[in-house]
Amino acid sequence: MSDDSEKIKLDFIRQIVAGDNKTGKWAGKVVTRFPPEPNGYLHIGHAKAICLNFGIAAENAGGLCNLRFDDTNPIKEEEEYIEAIKEDVRWLGFDWGKRLYYASDYFEQMYEYAVRLIKAGEAYVCDLSAEQVREYRGTLTEPGKDSPYRSRSVEDNLDLFERMRKGEFPDGSRTLRAKIDMASPNLNMRDPVMYRILHAAHPRTGNQWCIYPTYDWAHGLEDSIEGITHSICTLEFENHRPLYDWFLDQLGVHHSQQIEFARLNLSYTVMSKRKLLQLVEEGLVNGWDDPRLPTICGLRRRGYSPTAIRNFCKVIGVNKFNSTVDIALLEHCVREDLNRTSPRVMAVLRPLKIVIDNYPQDKVEQLEAINNPEDAGAGTRKVPFSKELYIEREDFMEKPAKKFYRLSPGREVRLRYAYFITCTDAVKAANGEVVELHCTYDPATRGGDAPDGRKVKSTLHWVSAKHSLEAEVRLYDHLFTKKNPDDIEEGGDFKSNLNPDSLEVLTSCRVEPSLAGAEPLSRYQFERMGYFCVDPDSSEKRPVFNRTVTLRDRWAKIQKAQKTR
Ligand code: ATP
Ligand code: MG
């Protein structure tokens with residue numbers, strides 16, 4: 001499933017593009033766009049759309065992909081989002097070059113196009129309130145009713161529309177509507193609203209406008225103005241396509257082809273920007289880049305690599321049916337990439353001290369450790385070994401359960417890159433908790449093998465007590481307890497499915513000294529414990545790590561189970 005794996009069959013959108021190139025429909029041009037509305041941060045679903053649009057442009061000679069901010073709604077949009085979106089698209093590995101556009105730059109052109117439709121008798125100013133418009137619209141089973149303002153003269157419409165623009169009318173008092181068909185079986189074609197009055201300042205156009213275009217009116221025009229060939233959007237716009245086509249046909253302008261694909265849904269998380277915003281605003285997560293969120297900046301902070309996300313998007317493919325992808329597949333993709341690329345280190349998350357009784361008091365040995373067994377070029381490093389060490393608390397059992405092969409009284413195990421040790425005694429606190437172990441080591445086993453050929457059943461990771469650094473480690477679990485967070489009791493709310501244990505903070509972990517000063521966002525494998533990423537909250541003295549993912553691959557298991565079925 002890696003980058004260089006077997007050639008994947010072209011998805012239906014790439015087939016369309018290839019077909020168009022063959023027939024010369026667009027004279028060999030391929031121009032796509034990624035058109036986020038700057039009203040939130042990007043998430044993994046957007047990554048799917050980004051990989052698709054930028055990917056198709058890159059795969060075709062001379063192909064282009066625009067980054068376009070669809071900033072037609074002044075109310076919810078902010079500069080902060082624009083900068084974050086640019087950063088995320090760049091981080092994912094895509095480059096729009098000079099092709100950065102804003103829908104708001106086309107407001108004047110859109111206005112002129114609207115005037116053209118009015119003159120052609122295809123649009124009219126309507127005085128019905130929003131509620132009345134809804135009433136007149138009819139239902140799926142009943143046709144709508146014509147607005148009493150539908151037959152206004154072209155002159156009256158031109159006059160009123162101009163005065164709408166000038167700000168003569170209050171919000172909601174009038175709209176400009178397309179004159180199509182109030183009996184159309186497609187509700188989107190029942191005289192849809194093109195402009196509404198909204199006396200609100202826009203982040204980019206300020207107070208220049210007090211009428212703003214609706215999505216349906218604006219989007220096709222944006223595509224047309226930019227000369228987009230393939231306008232790729234998600235399935236919910238499928239029954240808006242006749243309207244998209246109608247507007248462009250009436251105007252007789254460049255007519256991009258709208259193609260819909262299924263949006264990405266992931267289990268155990270939410271993707272709606274409205275819901276993500278709610279979690280952030282209500283403090284239920286720690287900001288947009290909380291590592292539990294499916295936002296791009298959250299995944300980045302969690303330790304996901306752009307390669308892992310791009311591979312995931314490749315593996316899930318593109319199709320026309322809505323479905324939910326198992327989050328285990330995303331985790332599988334990051335594991336696969338990090339296995340190849342991340343240096344191994346030793347870190348003890350829940351330390352238990354051990355004293356090697358027969359090791360000299362002040363002796364320190366620098367033992368050689370392999371940085372990445374998957375990458376010979378990654379070399380080796382030295383890890384200090386001394387009389388007092390920490391091992392993982394869960395690697396010791398006073399009374400070993402069946403199949404527990406790790407340390408227990410009288411048992412011999414290997415310390416990775418070091419020696420065989422045997423536990424001789426467990427020191428307990430008054431409450432019975434084991435607080436320290438005494439062990440002996442066999443000097444002949446340096447490097448991890450016994451000259452007499454004797455075997456041990458397990459190898460533990462460890463750090464030297466006095467050389468290791470104290471670290472904080474944040475362990476994450478799914479943000480929601482339910483596969484589908486929207487699966488709620490009546491009257492309930494998706495937030496009632498939040499997982500109370502989605503974050504566990506361990507404050508007295510010990511990591512090997514090579515991690516001193518590790519750069520924020522650098523990624524490591526903690527041997528036997530999983531993949532971890534340096535959090536920007538780290539200080540020189542005290543690193544903070546986020547667990548990206550454990551080593552256990554639930555996805556590989558699922559696949560194996562499916563194969564043997
Ligand atoms: P909103 O709820 O505000 O409409 P949106 O998720 O549609 O949000 P946009 O900013 O309009 O967000 O999305 C930009 C592009 O990303 C669109 O072309 C949209 O189709 C695509 N996109 C958004 N969510 C997903 C998703 N879950 N899977 C695939 N593509 C998506
Ligand atoms: Mg949208």
Side-chain angles (χ1 to χ4, degrees), residues 11-13 31-57 65-78 80-86 88-89 92 94 96 100-104 213-216 218-220 222-223 226 228 230-241 244 256-280 288 293-296 298-299 309-310 312-325 327 329-330 484-486 494:
D11 60 62
F12 80 98
I13 298 181
V31 188
T32 58
R33 85 285 176 266
F34 173 63
E37 186 181 346
N39 62 353
Y41 279 64
L42 297 184
H43 51 61
I44 182 84
H46 291 112
K48 177 176 179 179
I50 292 168
C51 289
L52 185 59
N53 282 291
F54 280 93
I56 287 177
C65 181
N66 300 350
L67 174 60
R68 177 205 306 151
F69 288 104
D70 197 4
D71 58 347
T72 53
N73 178 356
I75 304 289
K76 292 187 204 150
E77 295 166 4
E78 283 173 37
E80 175 199 346
Y81 298 135
I82 292 188
E83 287 314 310
I85 289 169
K86 287 200 252 179
D88 289 348
V89 175
L92 280 172
F94 299 103
W96 55 89
L100 175 65
Y101 301 106
Y102 292 86
S104 55
T214 56
Y215 176 92
D216 282 328
H219 205 85
E222 296 161 22
D223 288 338
E226 291 176 18
I228 301 299
H230 303 86
S231 173
I232 303 166
C233 63
T234 40
L235 274 187
E236 63 275 22
F237 293 103
E238 193 167 22
N239 57 11
H240 294 241
R241 183 165 13 106
Y244 180 102
S256 330
Q257 180 184 359
Q258 177 179 304
I259 307 167
E260 310 85 16
F261 71 102
R263 64 168 51 229
L264 169 66
N265 299 300
L266 261 190
S267 60
Y268 297 104
T269 192
V270 291
M271 217 83 94
S272 132
K273 281 198 269 191
R274 187 178 55 79
K275 286 181 187 148
L276 293 172
L277 182 66
Q278 223 177 320
L279 295 175
V280 172
W288 283 102
L293 291 180
T295 51
I296 304 295
L299 291 169
I309 296 177
R310 288 196 308 264
F312 169 72
C313 291
K314 195 177 287 181
V315 169
I316 56 174
V318 180
N319 60 51
K320 273 215 161 267
F321 307 97
N322 278 321
S323 64
T324 299
V325 173
I327 199 165
L329 177 56
L330 178 63
N484 174 9
D486 290 321
F494 76 103

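Atoms within a ligand are numbered from 1 in the order they appear, just like the ligands themselves. All values below were derived from every heavy atom in this structure, side-chain atoms included, with hydrogens, water molecules and symmetry-related copies excluded. This is a predicted model, so every value here is computed, not measured.
Between Leu264 and ligand 1, an N or O atom pair is found at a separation short of 3.5 Å. Between Arg33 and ligand 1, not a single N/O pair is under 3.5 Å apart. Among the atoms of Glu236, none of the N or O lies under 3.5 angstrom from an N or O of ligand 1. Considering backbone and side-chain N/O atoms, Glu37 comes within less than 3.5 Å of an N/O atom of ligand 1. When only interatomic distances are considered, the shortest N/O to N/O separation between Gly45 and ligand 1 falls below 3.5 Å.
Residue-level proximity to ligand 1 for Arg263 is carried by backbone and side chain together, each with a heavy atom below 4.0 angstrom. Heavy atoms of Pro35 found under 4.0 angstrom from ligand 1 belong to the backbone as well as the side chain. Residue Asp70 does not touch ligand 1, judged by heavy-atom distances below 4.0 Å.
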Begin with the C-alpha distance, continue with both residues' side-chain angles, and end with the deciding distance and a verdict on salt bridge (Lys or Arg N to Asp or Glu O under 4.0 Å) for Arg33 and Glu226. CA-CA 9 Å; Arg33 85 285 176 266; Glu226 291 176 18; over 6 Å; no
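Listed by atom number, the atoms of ligand 1 under 4.0 Å from Ala49 heavy atoms are 16 (O), 21 (C), 30 (N). Within ligand 1, the atoms closer than 4.0 Å to a non-hydrogen atom of Pro36 are 10 (O), 14 (C), numbered from 1 in the order shown. Near Phe34, meaning under 4.0 Å from one of its heavy atoms, ligand 1 places the atoms 14 (C), 15 (C), 16 (O). When each atom of ligand 1 is checked for a heavy atom of Thr234 under 4.0 Å away, the hits are 20 (O), 29 (C), 30 (N), 31 (C).
Proximity of the aromatic rings of Tyr41 and Tyr81 is defined here by a centroid distance below 6.0 angstrom, and this criterion is met.
The distance from atom CD of Glu238 to atom CD of Gln258, rounded to the nearest 0.5 Å, is 9.0 Å. One finds the OG1 atom of Thr295 at 8.0 Å from the CG atom of Asp88 (value rounded to the nearest 0.5 Å). Tyr244 OH to Asn239 CG: the interatomic distance, rounded to the nearest 0.5 Å, is 15.5 Å.
A side-chain contact (heavy atoms from CB on, under 4.5 Å) with Glu222 is found for exactly one of Asn66, Ile228, Thr72, namely Thr72.
Ligand 1 lies within reach of His43, whose nearest heavy atom is under 4.0 Å from it. Residue contact annotation: Phe261 has a non-hydrogen atom under 4.0 Å from ligand 1.
Taking the six-membered ring for Trp and thresholds of 30 and 60 degrees, Phe237 and His240 have ring planes more than 60 degrees apart, a perpendicular arrangement.
Residues Leu67 and Pro36 are in side-chain contact: their nearest non-hydrogen atoms beyond the backbone lie under 4.5 Å apart.
Across Phe261 and Ile13, no two heavy atoms sit closer than the pair CB-CD1, 3.9 Å.
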